[in-house]
Amino acid sequence: MANLQAFTSWIADYAATVTEQADYLTDLDRAIGDADHGSNMRRGMTRAAELAGAEEFTGIDTYLKKVGMILVSNVGGASGPLYGTFFLRMAGAFAEVEDAGVEEVGKGLRAGVEGILARGKAEVGDKTMYDAWAPALEAFDTAAGSGSDLAGALAAAAEAAAKGRDETEGLVARKGRASYLGERSRGHIDPGATSSTLLLESAARTLA
Amino acid sequence: MANLQAFTSWIADYAATVTEQADYLTDLDRAIGDADHGSNMRRGMTRAAELAGAEEFTGIDTYLKKVGMILVSNVGGASGPLYGTFFLRMAGAFAEVEDAGVEEVGKGLRAGVEGILARGKAEVGDKTMYDAWAPALEAFDTAAGSGSDLAGALAAAAEAAAKGRDETEGLVARKGRASYLGERSRGHIDPGATSSTLLLESAARTLA
Amino acid sequence: MKKLINDPADVVVEALRGMAAAHPDRLRVDLEHKVVYRKDPIRQGKVGLISGGGSGHEPMHGGLVGLGMLDAACAGEVFTSPVPDQMMAATKEVDGGAGVLHIVKNYTGDVMNFEMAAEMAAAEAGTEVQSVVVDDDVAVQDSLYTAGRRGVGTTVLLEKIVGAAAEEGRSLAECAELAHKVNGNGRSMGMALTSCTVPAAGKPTFDLAEDEMEVGIGIHGEPGRQRLPLAPAKDVAAMLVEPILADLDFTGDAGAIVMMNGMGGTPLIELYLMYAEVAAILEKSGVTVARCLVGNYITSLEMAGCSVTVLKADDDLVGLWDAPVNTPGLRWGV
Amino acid sequence: MKKLINDPADVVVEALRGMAAAHPDRLRVDLEHKVVYRKDPIRQGKVGLISGGGSGHEPMHGGLVGLGMLDAACAGEVFTSPVPDQMMAATKEVDGGAGVLHIVKNYTGDVMNFEMAAEMAAAEAGTEVQSVVVDDDVAVQDSLYTAGRRGVGTTVLLEKIVGAAAEEGRSLAECAELAHKVNGNGRSMGMALTSCTVPAAGKPTFDLAEDEMEVGIGIHGEPGRQRLPLAPAKDVAAMLVEPILADLDFTGDAGAIVMMNGMGGTPLIELYLMYAEVAAILEKSGVTVARCLVGNYITSLEMAGCSVTVLKADDDLVGLWDAPVNTPGLRWGV
Ligand SMILES: Nc1ncnc2c1ncn2[C@@H]1O[C@H](COP(=O)(O)OP(=O)(O)O)[C@@H](O)[C@H]1O
Ligand SMILES: Nc1ncnc2c1ncn2[C@@H]1O[C@H](COP(=O)(O)OP(=O)(O)O)[C@@H](O)[C@H]1O
Ligand SMILES: [Mg+2]
Ligand SMILES: [Mg+2]
Ligand SMILES: [Mg+2]
Ligand SMILES: [Mg+2]
């Protein structure tokens, strides 16, 4: 079960993670993008952890909504609206939920990913963050369906995300900046799929 | 004794020399100037050898005058007016001279160098081409005074020029582009003193 | 990384401070929102024109704010689209009652952020907002299944032409229609001799050997479509112009408006030399140059390289092109 | 060497061809003599204004030809002063009966070639020629025994101001006096982050380590007075502005005209950032900025770096500055 405190730790942990991995994420983006994904994520998550950390929240939903707003207002680029929308939509799933279990978190993730889809209109195989999210959601649901607790389901999701992320290496991008490279985008891992996997790994560490 | 034919060979020989040495002259100019002395001299002398070579001349004076005009009209920079004026003034010393001996060539060189002085107003020690010409003139006159023939006097002049050129290395420039470097101009040989020495060495090869 | 900057994190706001200091007569800069405005408030009844995007493309967009061109430009971080808050603030500020047109370059990030801003602005203040997305880069294959073509050089020409239309009092619908027309008539193609370095990243986005160039680049220091051996200007011009001419017929009566654009690190002497080559190819292809620009207008930091934009003109476009403009980056007739 | 050129030997004439193609409405280019003229013949009774110098400093001088500025610009080889034949041809062409002013930057080569041209022009056609030699670079110590200071940024401001004076009908003597005054009131200082490469030389004029800069450079890719560790923009601004302020008192009522100039390879975003620093120092020093320019005006091929020029103004100078100008590189009021 994850309460507001756990969600706060999630955001703090992820902020620390992307700060540490900023150069790596930027290097990935340098190869097939514009060399800013690391600094975008670091800027946004640092603000989110700081600003949202400084306020008192009454629920998980208002907290996540705030995180989403901060990302929308501070990141820019493709990742700002995508991650921002993810948290804004996820927030909706936690109305009046004080302690989130496997079911609520599952709903939240699904709502968030639907937000990413609504904004980005990517499909599986387009070489975007959705290539991490799609298998992750499926793995989460399968685990939850076969009785896993939140910890188990998140671990399964993170593992599936990592696999999806790794598989982006072989793909030719059809969405986002990497699509301009055509065939040359093949052979590189997608930065957004990488930061998304980190977000799920961080959730597995902190939410259960 | 040097006739028109000999003077034509001089110009041809010098054109070949600065073409061959163009990169070296430009490298010298790169260190304390603007990296164009080699291309300036090559452009000017190639034209001079070509254009003046294509015309018929009645005397050494009209030939040298033409060379001077071509240099003035094709080189630009500091070396264009300086070398141009050198040949223009030198030409004046050969009015009605068909075969130039040590005396006439001495007069010609002196007139030419006075032209360089009139244009450039350099003094010995300013780290310019004049640092090659001043000792060269003196050596020429000393040799001529003690009975040397044209070959001997030109050889002495070329040798003195080379010494003067080498001594520019220790000097701080006070004229030309290198003067902007102040103390940093020390430790580099002056490009114009180098091309001037080459001109005298070429004269020693061809005029006697 | 060799740049005239202080802390890489402060580059954008410090450059905006410099713009404010340099053009106090013409510009007003909101440093908090990072928005460049015209000095004077919008004329009631005039359509407001807003653009914006990542920084690093100067003079676009901040240097294209002024009479006869943009009313506001939102500056994102270097190569990162601005956030919706900026566009919302600008939209509110330049709403003169006739609605606001958002000029967006076709990058996923820009499109999504402008979209969010338009949604929010419509919900909040009831301002009528229309958008045009510029996608003119022929280096990118167009397809329904991809992000489509990038928005590059045509953006500059569009901002000039639609700026003139808004200035002469055309309605939001007319300005939007005109913007779509300009976008439909414009094509661009770019190349790079060197990469550039995003200040926050600290090292070049890609490496190019001394004898290589990238052809088909955009404006974000991203690698291009093809890495090729360095070629003479004449051949480079052909590589840029031919795909443009193959994509659209420019041989109309009114001719074309052409921009020979530098990527930031290429000096004017080379741009003029390139323009001579470009003009020769256009002439041979039967394309008349009605108007042209040669210089740095839409850049990619200190990247060496260039791009060519060709816009099929008609009398209306040429007339609007010639109308007075007074911005730091483009000025005539005033 | 990475450049958008064909044969290095043809760079200047091919770039001039591009200028001619780009500005057929305003310029006329004599490709044989490599002289850029205003399109229309000189107005009888107007003083003719000629400048020129090595190429590689674009837009100066060819891009500064036009109404309210130069009548002709003679283009030398890259970094090599033009030859007297060019200045003679131009002098003859722009002699409208009121005499011709030669604007010469203080380099041995430029001075000697212009001198020869003036002598020849006077002897041949009887045209009255006066000259002003610009020597404003405070990086160079001034002395009777040396070549003196280089002519750099003030040249651009001088061409604008004296151009306006000639346009409004001032006599040759008045134009020459004004030119001397502007030169006396102007000071500049420059720095480089990178060297540049002369096309004919094929390799950089000097090498700079990744953490070094050259301070006190001119505009010919020559090394500067000092090699220093790379510093933040704030400190660079101080290194440029302080020697200027130490050399002349700029705290007059009419303030100063300031140019924040790029050396060719530095993007506008950095120039604006630098200008913010420069403006702050000037303000603290009690110098009011009456007018300013930020951009690439007097460059050194693709060198990265910048220079600052400060010109002590008075009402006459500011008035002439504001007068209409219509050149490819500088345009307002028309
Ligand atoms: N349409 C899209 N749908 C989902 N994700 C996308 C889409 N476009 C881009 N992305 C993701 O965004 C990442 C890039 O983010 P970032 O570098 O921060 O923004 P930008 O591309 O604007 O520079 C990509 O690696 C990709 O995973
Ligand atoms: N005032 C002067 N008197 C004599 N020689 C000079 C003077 N100024 C410069 N020089 C010579 O000119 C040479 C440089 O020539 P060059 O590189 O062709 O011209 P620029 O300096 O215009 O680039 C210097 O090495 C020096 O020998
Ligand atoms: Mg990116
Ligand atoms: Mg030189
Ligand atoms: Mg980006
Ligand atoms: Mg030179």
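Remember, predicted model here, so these are calculated numbers, not experimental data. Lettering of chains follows the sequences in order, A, B, ..., and the numbering in each one begins at 1.
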Quiz prompt | Inter-residue atom distance C:Glu222.CD - A:Arg177.CZ, 0.5 Å rounding | solution = 6.5 Å

Quiz item: Nearest 0.5 Å, what's the CZ-CG distance between C:Phe79 and A:Asp36?
Solution: 9.0 Å

Pick one of side chain, backbone, both or neither for [X], based on which atoms fall under 4.5 Å of a heavy atom in chain C.
X        : answer
A:Ser79  : neither
A:Asp27  : side chain
A:Ala31  : backbone
A:Arg119 : both
A:Ser179 : both
A:Thr26  : side chain

Quiz item: Under 4.0 Å between a Lys/Arg side-chain N and an Asp/Glu carboxylate O for C:Asp207 and A:Arg30?
Solution: no

Heavy-atom pair with the smallest gap, counting every atom of [X] and [Y]:
X        : Y        : result
C:Thr205 : A:Gly33  : CG2-O, 4.1 Å
C:Val140 : A:Tyr180 : CG2-CD2, 3.8 Å
A:Gly76  : C:Thr80  : C-CG2, 3.7 Å

Quiz item: With chain C, which of A:Ala22, A:Pro81, A:Gly80 has the greatest number of heavy-atom pairs at distances under 4.5 Å?
Solution: A:Pro81

Give the member of [options] that has the highest number of heavy-atom pairs under 4.5 Å with chain A.
options                                : result
C:Gly224, C:Ala200, C:Gly218, C:Ser195 : C:Gly224
C:Thr108, C:Thr146, C:Val111           : C:Thr146
C:Gly221, C:Cys196, C:Ser81            : C:Ser81

Practice problem: Check whether C:Pro82 gets within reach of chain A through its side chain, its backbone, both or neither, counting any heavy atom under 4.5 Å. | Solution: backbone

Quiz prompt | Part of C:Gln226 lying under 4.5 Å from any heavy atom of chain A | solution = backbone

Got more than 12 heavy atoms from elsewhere within 6.0 Å of [atom1], [X]?
X        : atom1 : value
C:Lys3   : NZ    : yes
A:Glu103 : CD    : no
C:Lys2   : NZ    : yes
A:Gln5   : CD    : no
A:Glu159 : CD    : no
A:Asp23  : CG    : no

Quiz prompt | Residues of residues 130-139 of chain C with any heavy atom under 4.5 Å of a heavy atom in chain A | solution = none

Is any side-chain heavy atom of [X] less than 4.5 Å from a side-chain heavy atom of [Y]?
X        : Y        : result
C:Asp85  : A:Met69  : no
C:Met112 : A:Leu82  : yes
A:Val72  : C:Met116 : yes

